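Before any comments, here is the structure.
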Amino acid sequence: MTKLLLACALVLTAGSVWGGEPVPIDESAPVAVPAASEKAMEFHRTGMLWWGFNRVWALALPAVVLFSGISARLRNVAAKVGGGWVVAVAIYVPLYLLLTGLISLPIAYYEGFVRLHAYGLSNQSLGKWAGNRAKWLMVDSVVGVLIAWGLYALLRWSPRRWWLYMALGSVPFLFASMLVMPVWIDPLFNDFGPMRDKALERSILDLAARSGIESGRVFEVDKSADTNALNAYVTGFWGTKRIVLWDTLLARMNEREVLCVMAHEMGHYVLGHVVRSILLSFVVTLAGLYFAHRAAGGLVARFRGRFGFDDLRDVASVPLFLLLLQVAALGLEPAGLAYSRYQEHEADRFALEVTGMNHSAASAFLKLQEANLSNPRPGWVHRVFRATHPSIGERIDFCNSYRPTVSPGAD
């Protein structure tokens with residue numbers, strides 16, 4: 001989901017270890033990058049296998065539904081209700097998501113529940129996991145229907161330029177999503193409450209003010225009920241903007257480390273990454289939709305008998321669009337991931353500039369590596385095709401070598 005602000009950056013002088021007495025910290029001291037544990041390396045290796053499988057599965061599932069004629073049969077069920085294409089879309093999309101969700105359920109159960117418990121990364125009960133799956137199905141159905149209405153309306157209105165208008169429409173849609181997600185969607189899955197440590201909350205808000213983020217609210221989310229992993233983020237837009245910290249992160253990191261993590265997240269806002277990411281998403285969406293536009297007609301002409309439709313305006317074409325967009329993503333994602341890694345690196349630089357806490361930032365990354373079972377130096381396939389962030393090893397190396405314009409905070 002980085003603007004160098006750094007003229008009025010101040011040194012943060014809080015040096016206390018969480019809940020303990022102040023201890024001296026030399027913020028210029030380097031932090032060694034330890035080798036990943038065997039457990040972490042096994043998690044990484046099996047994760048790469050699952051990543052490869054999921055890429056194939058994302059192509060195979062819509063292809064099977066499409067070429068088997070199942071999509072056309074779902075269309076027939078939706079059409080029996082009557083009411084034209086608008087009603088058909090509203091019925092077809094949830095049916096399609098329910099069907100593919102049930103087919104994928106054993107995979108999702110093993111990968112998202114069994115595997116994470118086996119590696120000690122999940123505390124979630126089976127009931128909550130299943131409940132969250134059902135909630136996501138409802139959310140995805142609503143969002144999917146809205147998108148499909150836009151798609152098929154544009155296909156009828158402008159069959160030759162629908163891909164351009166659809167991509168343009170994705171921009172306000174993403175902005176609207178950023179407004180809605182923190183208030184209406186995120187609370188469906190976790191409890192968001194005020195921070196219990198008011199002194200830390202004040203430090204975070206002071207840091208936000210110095211970073212140019214006003215009127216932000218700080219929330220502590222009860223993630224320990226679900227996971228042992230660590231995370232924090234800044235989310236929302238305008239009036240829904242908020243700072244969110246997982247309680248697992250607060251339990252593992254000291255105050256300086258938390259402030260470094262939050263400075264990184266604030267950097268995304270201050271440096272304009274939110275708007276730039278949406279614009280990049282527009283470019284990628286435009287390219288993907290144009291590819292689908294160019295390829296879909298020929299496929300329908302050749303396989304109309306197998307597909308059960310001969311017009312892209314037929315709602316049964318949903319899996320065809322999903323399949324073509326997945327194919328396009330194979331070529332487009334590496335560029336998007338590279339830009340994401342650039343933004344994350346700039347946010348790291350911002351955090352060091354605004355805090356001067358190189359050692360604390362590096363030690364925070366070290367704790368993220370340990371808690372999240374990260375491989376600090378993955379191979380090139382992971383870096384190019386999966387990584388949204390620089391590796392933990394690269395980030396710690398940067399903390400060790402970069403010298404911010406503010407003086408290191410030390411007690």
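Residues take their numbers from the sequence shown, with the count starting at 1. A quick note: this is a predicted structure, and the numbers were derived from the prediction, not measured. In what follows, every heavy atom counts, from backbone to side chain, and hydrogens, waters and symmetry copies are set aside.
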Discussion item. Assess the residue pair F385 and E333 against the criterion (side chain to side chain contact (heavy atoms under 4.5 Å, CB included)); give the C-alpha distance rounded to whole Å, side-chain angles, the decisive distance to 0.1 Å, and a yes or no.
Written reply: CA-CA 7 Å; F385 294 101; E333 275 186 349; over 6 Å; no
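- Note: Y110 OH to L116 CG = 10.0 Å, rounded to the nearest 0.5 Å.
- R196 has its side chain within reach of D247: a pair of non-hydrogen atoms, C-beta onward, lies under 4.5 Å apart.
- Between V89 and V93 there is a side-chain heavy-atom pair separated by less than 4.5 Å.
- Although no hydrogens or angles enter the test, the distance criterion places a donor-acceptor pair under 3.5 Å between the side chain of N400 and the main chain of V31.
- With hydrogens and angles ignored, the 3.5 Å screen pairs a side-chain donor or acceptor of H117 with a backbone N or O of Q124.
- A donor-acceptor pair under 3.5 Å is formed between the side chain of E353 and the backbone N or O of T405.
- In this structure, the side chains of V139 and W136 come closer than 4.5 Å at one or more pairs of heavy atoms.
- Using a 4.5 Å cut-off on side-chain heavy atoms (C-beta onward), L323 and L59 make contact.
- One finds the CG atom of L325 at 11.0 Å from the CG atom of L330 (value rounded to the nearest 0.5 Å).
- Panel note: side chain K223, backbone L230; no donor-acceptor pair is recorded below 3.5 Å.
- At least one side-chain heavy atom of W51 sits less than 4.5 Å from a side-chain heavy atom of V381.
- In this structure, L66 CG and R306 CZ are separated by 9.0 Å, a value rounded to the nearest 0.5 Å.
- The aromatic rings of F398 and Y402 lie parallel to each other, their planes meeting at an angle below 30°, with 60° marking the opposite boundary.
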Item to complete: Show your reasoning for whether salt bridge (Lys or Arg N to Asp or Glu O under 4.0 Å) applies to R341 and E344.
Response: CA-CA 5 Å; R341 292 192 297 273; E344 296 297 335; over 6 Å; no
Worksheet entry | side chain to side chain contact (heavy atoms under 4.5 Å, CB included) evaluation trace for V354 with V270 | CA-CA 11 Å; V354 81; V270 174; over 6 Å; no
Worksheet entry | Y109/R133 under side chain to side chain contact (heavy atoms under 4.5 Å, CB included): CA gap, chis, key distance, verdict | CA-CA 10 Å; Y109 169 68; R133 291 278 299 179; over 6 Å; no
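- Side-chain atoms of H44 never come within 3.5 Å of backbone atoms of A40 as a donor-acceptor pair (strictly under, hydrogens ignored).
- The 12-atom threshold is not exceeded at CZ of R294, counting heavy atoms of other residues, nucleotides or ligands nearer than 6.0 Å.
- In this structure, CD in E265 is found 12.0 Å from OG in S211, a value given to the nearest 0.5 Å.
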Fill in: Chi angles and distances behind the side chain to side chain contact (heavy atoms under 4.5 Å, CB included) call for F53, E111
CA-CA 11 Å; F53 172 82; E111 186 179 9; over 6 Å; no
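- M41 and A36 make their closest contact through SD-CB, 3.7 Å (heavy atoms, listed as atom of the first residue, atom of the second, distance).
- Shown here for K367 and E257, the closest heavy-atom pair between the two residues is NZ-OE1, 2.8 Å.
- In plain terms, the two heavy atoms of H268 and H264 that are nearest each other are NE2-NE2, 3.3 Å.
- Listed for the S317 side chain is no donor-acceptor partner under 3.5 Å among the backbone atoms of L320.
- In terms of modelled atom types and a separation under 3.5 Å, the side chain of T46 and the main chain of F43 share a donor-acceptor contact.
- A donor and an acceptor atom, one from each side chain of S71 and Y92, are located under 3.5 Å apart.
- Annotation: cation-pi pair R313/W85 absent, no NZ/CZ under 6.0 Å from the ring centroid and within 45° of its normal.
- Atom CZ of R202 sits in a crowded spot, with more than 12 heavy atoms from other residues, nucleotides or ligands closer than 6.0 Å.
- Side-chain atoms of L368 and M253, non-hydrogen and from C-beta on, do get closer than 4.5 Å to each other.
- Residues E27 and T355 are not in side-chain contact: their nearest non-hydrogen atoms beyond the backbone lie 4.5 Å or more apart.
- For the residue pair V261 and A364, the shortest heavy atom distance occurs at CG2-CB, 4.0 Å.
- Using a distance-only test at 3.5 Å, with no hydrogens or angles considered, no donor-acceptor pair links the side chain of E255 to the main chain of L200.
- When atom types are taken as modelled, the side chain of N254 and the backbone of R256 share a donor-acceptor pair closer than 3.5 angstrom.
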Can you list, pair by pair, the side-chain donor-acceptor contacts under 3.5 Å of residues 164-189, counting residues two or more places apart and other chains?
unit_1, atom_1, unit_2, atom_2, d
S170, OG, A167, O, 2.5
S177, OG, F173, O, 2.9

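- The minimum heavy-atom distance linking L155 with L312 is given by the pair CD1-O, 3.6 Å.
- Counted by atom type alone, D222 and S224 present one or more donor-acceptor pairs between their side chains at under 3.5 Å.
- The two residues P62 and L322 have their closest heavy-atom pair at CB-CB, 4.5 Å.
- Judged by distance alone, with hydrogens and angles left aside, the side-chain atoms of S281 form no donor-acceptor pair with the main-chain N or O of S277 at under 3.5 Å.
- Counting only heavy atoms from C-beta outward, the side chains of K39 and E42 never approach each other to under 4.5 Å.
- The CZ atom of F219 sits 10.0 Å away from atom CD1 of I243, with the distance rounded to the nearest 0.5 Å.
- For F307, the ring-ring contact (aromatic ring centres under 6.0 Å, His included) partners two or more places apart in sequence, or in a different chain, are F67, F303, F309.
- With sequence neighbours left out, the ring-ring contact (aromatic ring centres under 6.0 Å, His included) criterion links H359 to no other residue.
- Rounding to the nearest 0.5 angstrom, the gap separating the NZ atom in K128 from the OG atom in S122 is 9.5 Å.
- Separation of the W163 and F291 ring centroids does not fall under the 6.0 Å cut-off.
- Ring geometry for H293 against Y290 counts as tilted: the plane angle lies between 30° and 60°, on a 0 to 90° scale.
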